[in-house]
Amino acid sequence: MAGAARAAPPDLTGVWSVVDPPHALRPIDGSAPPLTPSARALYEQHLAAAARGDRSFDGMTRCLPPGLPRLLFVNQPFEILERPKVIYFIYQLNRLPRRAYLGEQLPDDADPLWLGYSVARWDGDTLVIDSAGFNDLTLLDDAGLPHSEALRLTERYRLSRDGRHLDARFTIDDPKSYTRPWTVRARYVRRPGYEIPEEFCMDALRRTHPAGHL
Amino acid sequence: MSGCHSSHGMRRVALGLSLAAGCLAVLAAGTGGADQQTPAASTSDRAQPQRPFRPTTLFNSGDPTLALTPPLLGGGRAPPGSAPPNPDPRDLEGVWWVQGYEYLLGPAPGVPPPLKPKYMQILEQRIRAKNRGTPEADTETQCLSHGMPRLMESPYPIEIVQTPGRITFLHEVAHEVRRIWMNRPHPPHPRISFLGDSVGRWQGDTLIVDTVAIDDRSFIDDEGSSHSTRLHLVERYRKIDGGAALELIMTVEDPVTLEHAYSYRRILHWRPDVRPEEYICEENNRNAPVNGITVAK
């Protein structure tokens, strides 16, 4: 690793919350997401269903993982545990964990997973996480932007000078769903003293659906 | 019994019931009659250690309606040639895997916890329901938590992460997370949760974890021993064999459901060869309970 001779990387360990998460993702320049025709058709189906009050296209309503990058915009705290070989992200949302392995390469043919397979590196003081190996059962955002199994995600996180914020950019590269890679922005704020409580999505769902049938 | 939990594919099986069924099939196919094997039947008695006696029915009654689910035995060890363990007694970081899998977590194999009569009756009812093929829909079947101490028995890897003031257990099974807060007392009114409020401290080279405030919807063990929210667990972890294994002494105390406190011992093996996999219970939730009873679909 090129970073071996550098000063220690910034310590991101702690609890964070997303700031002002958007309902629908847009590229940084404010343009519309560059959907391919087939992905646009699927997106429009999602929008139409949501307008009818039918969110059955959204696995999150059944406690399935939101996938990425949507999980990165879920408005609940998460915890980073930074260790020399692995950076752990543990989300309050249904206790979902992510592991980004430092100093490793993405496998050529990663198995499709809900949260993908992630490797990490330090680019100066920026943490860069590359992920692949996603199933196509999740959405990019709450609005219903689709993606395919070809999705590759690059996350770049940089600690603000005062150490209280993380500024992030996520690049979505999915040639089956988008005509070009596009980048979104996110910001996180430290939550000192906040301890993530145990959360079981099915428990919350059963409280709102007393019959227990989904 | 490694076939139940070490193969890549089987570990993808998301539901406890499915897992148990798969493991039972392996047990039936692979160790048929092992419990009945006697030393006299072997031509090399000295080479074959006798398996200690263990009941196969509750109270060793012989009543088939009280048959206990056979344990998984052995397993959990790293394959030869794996990276050497870390001998630092206070550095538990890495992946561990429990040896064996007991469905009844009492003071000895095949022996139930010392439940008070009312709760022993409930355990009998649950075991009978299981043997009728209509087991009670327990928490893990509903994609809720395994609860404690049952979670520590689950035959899946556990990754331990140590950061300042914290030891975190990341369980592969249902991606359960235990946060153990070091060197601080329990809060005066801890929030009730499935895995409870856990605080830890080192006593010499032993990590002592004290856990309270555990949700009483979960069971002590797979067979269905009850606990209350006054369940109190003390776990003592100590590296043995130069760090190749972690010894756990679990002490279980519950003034509501138990006659007295008891302890049991487990071994977790150092598994540098294992990387925890994704496990999404909700993906495979085909056992939604109907009127409180799990119906296989």
Side-chain angles (χ1 to χ4, degrees), chain A residues 11-15 59-67 78-99 101 104 107 110-118 133-135 137-138 195-206 209 211-214, chain B residues 8-9 12 93-95 137 139-147 159-172 174-179 181 184 187 190-198 213-215 217-218 275-286 288-292:
Chain A
D11 185 7
L12 308 184
T13 296
V15 178
M60 269 188 86
T61 60
R62 298 185 296 281
C63 292
L64 287 166
F78 63 97
E79 183 168 48
I80 297 177
L81 301 178
E82 186 178 324
R83 303 297 298 140
K85 293 179 184 167
V86 190
I87 298 180
Y88 302 85
F89 292 73
I90 309 169
Y91 296 84
Q92 179 168 323
L93 179 77
N94 211 21
R95 319 163 319 284
L96 288 168
R98 288 182 70 202
R99 295 168 173 86
Y101 294 97
E104 295 193 12
D111 287 340
L113 299 170
W114 292 89
L115 298 179
Y117 188 89
S118 299
F134 295 102
N135 70 31
L137 304 173
T138 65
E195 294 181 4
I196 293 183
E198 176 183 284
E199 188 191 287
F200 281 84
C201 180
M202 291 299 288
D203 214 13
L205 202 57
R206 290 162 65 89
H209 295 71
H213 291 283
L214 303 170
Chain B
H8 189 82
R12 290 281 169 85
E93 276 209 336
V95 176
T139 47
E140 67 150 356
T141 336
Q142 303 169 56
C143 295
L144 302 175
S145 177
H146 292 64
E159 184 170 26
I160 298 181
V161 183
Q162 282 174 250
T163 45
R166 266 270 296 286
I167 296 182
T168 306
F169 286 18
L170 299 175
H171 295 254
E172 179 176 298
H175 46 91
E176 301 233 37
V177 181
R178 291 186 68 199
R179 293 178 171 86
W181 300 93
R184 76 176 201 191
R191 174 182 182 266
I192 298 281
S193 63
F194 280 111
L195 301 181
D197 185 81
S198 293
I214 302 174
D215 193 309
R217 286 176 291 171
S218 62
R275 191 165 271 190
E277 291 180 11
E278 187 173 80
Y279 180 123
I280 305 299
C281 180
E282 293 83 357
E283 182 178 10
N284 203 20
N285 190 14
R286 296 170 190 158
V290 177
N291 298 325

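The sequence lines fix the lettering, A, B, ..., with proteins before strands; numbering per chain opens at 1.
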Student: Identify, with sequence neighbours excluded, every residue that meets side-chain hydrogen bond (donor to acceptor under 3.5 Å, both in side chains) alongside A:Glu199.
Tutor: none
Student: Any carboxylate oxygen within less than 4.0 angstrom of a Lys/Arg side-chain nitrogen, looking at B:Glu172 and A:Arg99?
Tutor: no
Student: Counting C-beta onward and ignoring hydrogens, is there a side-chain heavy-atom pair between B:Leu170 and B:Pro276 closer than 4.5 Å?
Tutor: no
Student: For B:Thr163, is it the side chain, the backbone, both or neither that has a heavy atom under 4.5 Å from a heavy atom of chain A?
Tutor: side chain
Student: Please round to the nearest 0.5 Å and tell me the distance separating atom CD1 of B:Ile280 and atom CG of A:Asn94.
Tutor: 8.0 Å
Student: Report yes if the SG atoms of A:Cys63 and A:Cys201 are separated by under 2.5 Å, and no otherwise.
Tutor: yes
Student: Name, in order of residue number, those residues of residues 78-86 of chain A that have a heavy atom at a distance of less than 4.5 Å from a heavy atom in chain B; otherwise write 'none'.
Tutor: A:Glu79, A:Leu81, A:Arg83
Student: Counting only heavy atoms closer than 4.5 Å, note whether B:Thr139 contacts chain A via side chain, backbone, both or neither.
Tutor: neither
Student: Could you list the residues that satisfy side-chain hydrogen bond (donor to acceptor under 3.5 Å, both in side chains) with B:Trp181, not counting sequence neighbours?
Tutor: none
Student: Applying ring pair (Phe, Tyr, Trp, His ring centres under 6.0 Å), name anything that partners B:Phe194, two or more places apart in sequence or on another chain.
Tutor: A:Phe200
Student: Find the one option among B:Arg166, B:Arg178, B:Arg217, B:Glu159 whose heavy-atom pairs under 4.5 Å with chain A are most numerous.
Tutor: B:Glu159
